[in-house]
Each structure stands twice: as structure tokens, then as C-alpha cells.
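Take a look at the structure set out below.
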Amino acid sequence: MRWRTAARRGPRRGGGRLVTYGLIAAVFLVLLLLRTPLFIALGAASAMCFSLIKPEPFSGLMAQQMYFITEKGELLAIPFFVLAASLMTHGKSAKRVTEFVGAAVRWLPGGLALATIVSCVLFAAMCGLTPTAVVAVGALMLPGLVGAGYPERFSLGLVTSSGSLGILVPPSLVALVFVVVATSSVQGYNQAAQEVAVMRMQEKAARAAENAAARDAEQQDPAAEFMPAWAADVHEDLETPEAAQTSKEQQPAAPQPPRPEPKTDVNLKNAFVAGVMPVLLIAALFSAYAVITGLRSGARRERFSLPELARSARRGVLALALPALVIAVILTGRMTVIQAAALAAVYAFILEVFLYRAVRLRDLPAVVREAGVMTGMILIILAVTMAFNYYLANELIIIDLTDWIQSHFHSRLGFLIAVNILLLFLGCLMDILSAVFVTVPLLLPAALQLGIDPIHFGVIFLINFEIGYLTPPIGVNLFTAGAVFKKDLVEVSRSVLPYLGLLLAALALVTYFPSISLWLVRALGG
């Protein structure tokens, strides 16, 4: 992204400025509470920033920053992944994957519950959308869980919570959006940091020059003009070492070059890889709870059948091959993420239209239209986010916020704990994409200055809002499960409480042990 530094007008702090910021924040929050689309709320806030605080016409500048989204090549992956998800959702892939996983693990203790968890993870990997996994897999598995003897509340919570694992499983649309916003935020912070470094260097040089001139005037000896030359030499020889040292320290310092940009590696491949180990950790915690519940409730177990496993494998192997293929070509470097996304879309099209024949040709316009609406929503929000990020950097707001955070948090762990508390609160009020667009530009620069790996920070961010999918009043999975299974919000919310506890435990482990998210990234050379 290109950045243009506007001329400063007046101080960056002050009562009038705070009132203006308060007005903008109030308008943004009111629009969100009124369920206004996010791009309108964020666009209105950005326009107010440019128009109320900047006297020059803002429309051209704001449009210019929104246009720079076209320079983000990673965004080409979004329409392909969304189209693949739409095709898989309307097809038979979910049913075939569920049948195969069930045949493989139903004979184990808690087998049907394990099949639900694994099916949700696999289907989320195919479509990248959490609510879709709740609808597609949950509708198939919930009646079977209850019929096998699992408690109804446990079963409802399981299908609702397991679907939230999708945002950590590659290819995750949320991870993709995080990388785009994070890259823009880092560039904006670096630009602002360079500007601040130059300003401070110039101010320091000017202040040193003024101090030197004042010191020379003060140190003029009134009797110097009457003092013979030999006395002046004796006077200089008698100067104490302490005075000489003080004189040297007061000399104006040589201007230093601006500090270099912090080294960061916020790329999509690393973001995808970093989610693998955390999602396995969460799936393991869910599975342990499922096995214990299955044993306690005396849930029915089915006998292992090799012919059924072979039959379901033949029927579901093509659907299972999609996430495996996409992940393999990305991790091995055979394809870029954009190429892998295009491959996923073509594969899903051939699979659902010609092989499974679950999506008819006459249904394709509706499927493509649904994918187009989702893609347009994401891209237009990203466009106004680019303008908002420009304003934050140009007015040095992110520098002020980063300095404040560094002055109040002297350890990485303390900062991450505070971020977790903030994000858990925001997860109750905002959907995950809204949170990415609003909070990442503010928090990521401070995390970088504290030495926190941006990929580790991204995983923490995603887990927090994975929890947000399950917390009222905005929890998307709660409303989705309530609508699909005809349950009220209170009942669904109570059913997910044990899983929220497990997710919080996983969040604590990932926060305290960065290697959980970064080990595989480093092992693959990221």
C-alpha cells in the first residue's frame, strides 16, 4: 500500500480532538447496535475522520486509499474459496464425509461424538465457514447422538461448538482476511514510525542547537576582554574534569537515521500452518470430554464393520481429498494460496456437478450469486478498512496507542492477557470479521513492538473469536443452531458452557506457550 503524509494542522492532542473522537466512536457504536451493515458503519466513521478532522476535501483521499485494496494479490483467493464453500454446502460432501468418519470411529468409546468432532473439522476445512459446518454436519449428527443415548444438552453443545473450529483450519477465510488487514496495519505503522523518528530527530537537533547557543551566552566571562592571553590559557587549564565531561555531554548530538522497520512475516502460508496444532489441541480436549461423557451415559457403541468402512471410503474419498489436496500444495510450496484457491473451486465444481450430481447446472447461477454476495461483503469492508488504517497512521494515532501500551505493559504475557480479556469482551458484541477490521490495526503494532510474533498473535486472536461464536448476544453459532434445531437462545447457550471452558483452557495454553502455534511454522521453514 502506498501512503501519503498530509500536513499537520494543529496539535494532535487536545480537548477538541477528544470530543471529535468521542463523537465518531459514538456514531460507529450506534450504527453497529442498529444492526447497520459493517461497511456502512466503518465507512461513515472513516468519512467523519477525514471530513471533521482534516479541513481539505476528503472524498478523493478516501477513495484513493480504498482503491489501494486492488494491490492486495492475496484477495484473489477469497472469491475462489467462497465459491468452493458454496458448492460444497449445496452438494453431498457433508453427508459422505460424515458417513466415512462415522464408520471409522463409531466403535470407539464415545465414537459417535468423536465422529461429530472430526466431521466438523473436516467439513470446515473444505468450506472455511463455521456456521456452514453447524448446519451441514450438525443436522445430520444431532438426531443420531440423542438416539444413541448421549444427553441432549451435551449433543446440542457438541454440534454447536465443534463447528467453530473452522476458523483455525486451513483454508480459513478469517485467517486470510487477518493477514490482509495485518499487512496493511504493519505498513501503516512503519510509515508513521518513520515520520515520528524524523520529527523527533529534527526537534532534538533544534533543541540542542538552542541549548548550545544559550550556554555560550551564559558562560561569557565579563572580565575576559581585560584578561591577558596567558591568563586565559591558565583559566582553560584549570577547568575541572567534571566540567569538561558536562560540556561534552551538552554538545548537540549528531542526527541519527530513522529506526528501521520491524522485521515481520505476516504471510498467508504461515497463518494457515499456525492454526494446525491449536485446532488439534482443541479437538483433543473436545474428544476427551466426549469419551468421558459417552462412558458415563452408557451411550450405545456400534460394531466395527470393515465392509461399511470400505464402502463409505469409496463414496467419500473424493470429498475428503479436497482439503488434503489444498493443504498439501500450500505447505509443500507447489502452489501459491491463490492457485490453491482456484484449484479448490474447480475441484468442487467438478465434484458436485459432474461426479456427485448434487448441484444441477440450472442451480449454478444461484450458487454463484450466493458466493458473489459473500465475496462483495468482505471486499467492500476491506476497502473502507484501508481508508481507516490510513487515517490511523497519518494522524499518528497508532504511535500514541503503542507508546501508551508500552508504558503500561512491561511484559509480553501481561499484554497478551489484557488483549485476551478485551477480545473476549468484544467477542460478545461483534462478529469476527468486524473485530478483525476494527481491532487488528490498533493492537498488532503494539504487539510487534513488544516482540510478539504476529502469527502467534493472529492465532490468539482467532481463538478468542472462536469463543465469540459461542457467546451471546452476537454468537453466530448460537443463533444458527437455534434456528436449525428449533431451540431457544438460552438453551443453546447453556449447552455450550462446558465447551467454552475447554476453549478457554486451550486459549491459555496457546497464549503461554507460543510454540504450540509456531512450532510447525518453523519446522516448515516459515
Side-chain angles (χ1 to χ4, degrees), residues 94-95 97-124 130-166 168 279-305 308 427-428 463 466-473 475-507:
K95 182 177 180 180
V97 168
T98 302
E99 289 175 352
F100 167 72
V101 174
V105 302
R106 277 183 305 198
W107 57 277
L108 295 171
L112 195 58
L114 295 177
T116 302
I117 297 169
V118 176
S119 298
C120 284
V121 171
L122 291 175
F123 191 75
T130 287
T132 304
V134 175
V135 174
V137 178
L140 294 172
M141 300 302 293
L142 182 62
L145 287 167
V146 176
Y150 291 91
E152 183 177 4
R153 180 180 295 178
F154 163 83
S155 304
L156 179 62
L158 182 67
V159 297
T160 304
S161 305
S162 298
S164 67
L165 300 177
L168 283 171
V279 81
L280 292 178
L281 170 64
I282 297 172
L285 294 175
F286 279 20
S287 298
Y289 177 60
V291 169
I292 294 172
T293 303
L295 292 174
R296 285 181 176 177
S297 61
R300 186 175 67 252
R301 296 164 54 185
E302 299 185 11
R303 298 183 60 182
F304 177 75
S305 172
E308 181 184 357
C428 299
I463 295 177
E466 188 175 74
I467 296 172
Y469 272 121
L470 305 175
T471 52
V476 176
N477 280 19
L478 300 181
F479 288 99
T480 302
V484 172
F485 307 124
K486 305 295 188 293
K487 304 290 184 180
D488 62 73
L489 181 62
V490 174
E491 185 175 357
V492 179
S493 300
R494 291 177 62 188
S495 71
V496 301
L497 288 178
Y499 304 95
L500 284 175
L502 296 175
L503 285 169
L504 288 171
L507 174 62

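Keep in mind that what you see is a predicted model, and the values were worked out from it rather than measured. By convention here, the first residue in the shown sequence is residue 1.
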Looking at [atom1] of [X] and [atom2] of [Y], how far apart are the two atoms once the value is rounded to the nearest 0.5 Å?
X	Y	atom1	atom2	answer
Trp107	Arg303	CH2	CZ	13.0 Å
Thr471	Leu497	OG1	CG	11.0 Å
Leu156	Phe485	CG	CZ	6.5 Å

ask   = Which residue pairs pass the side-chain hydrogen bond (donor to acceptor under 3.5 Å, both in side chains) test with at least one member in residues 281-297, sequence neighbours excluded?
value =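 Not a single pair qualifies under side-chain hydrogen bond (donor to acceptor under 3.5 Å, both in side chains).
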ask   = Could you give all pairs that pass the side-chain hydrogen bond (donor to acceptor under 3.5 Å, both in side chains) test and reach residues 137-152, with sequence neighbours left out?
value =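 Found Glu152-Lys487.
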With sequence neighbours excluded, what pairs up with [X] under the side-chain contact (heavy atoms from CB on, under 4.5 Å) test?
X	answer
Ala506	Leu281, Ile282, Leu285
Arg300	Ala148
Ser161	Phe286, Leu470, Val496, Tyr499

inquiry  = Can you give me the closest heavy-atom contact between Ile463 and Leu503, atom names plus distance?
reply    =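 The answer is CG2-O, 4.4 Å.
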message = If you compare all heavy atoms of Met141 against all heavy atoms of Thr98, which two are closest, and at what distance to 0.1 Å?
response =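 Smallest interatomic distance, heavy atoms only, reads SD-CG2, 2.9 Å.
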Per-pair distances, 0.1 Å, donor-acceptor, side chain in residues 109-124, under 3.5 Å, sequence neighbours excluded:
| residue | atom | partner | partner atom | Å |
| --- | --- | --- | --- | --- |
| Thr116 | OG1 | Leu112 | O | 3.0 |
| Ser119 | OG | Ala115 | O | 2.6 |

ask   = Ser162 side chain to Val159 main-chain N or O, any donor-acceptor pair under 3.5 Å?
value =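 Such a contact is absent between Ser162 side chain and Val159 backbone.
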ask   = Just by distance, do the side chain of Thr160 and the backbone of Gly157 share a donor-acceptor pair under 3.5 Å?
value =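 No, the answer is negative, given that no donor and acceptor are paired below the 3.5 Å cut-off.
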inquiry  = Measuring only between side-chain heavy atoms, which start at C-beta, is Val492 closer than 4.5 Å to Asp488?
reply    =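 They are not in side-chain contact.
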ask   = Is there any salt bridge (charged side-chain N to carboxylate O under 4.0 Å, His left out) pair reaching into residues 98-111, and which pairs are they, with sequence neighbours excluded?
value =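 Counting only pairs at least two positions apart or across chains, the salt bridge (charged side-chain N to carboxylate O under 4.0 Å, His left out) contacts touching residues 98-111 are Glu99-Arg315, Arg106-Glu302, Arg106-Glu308.
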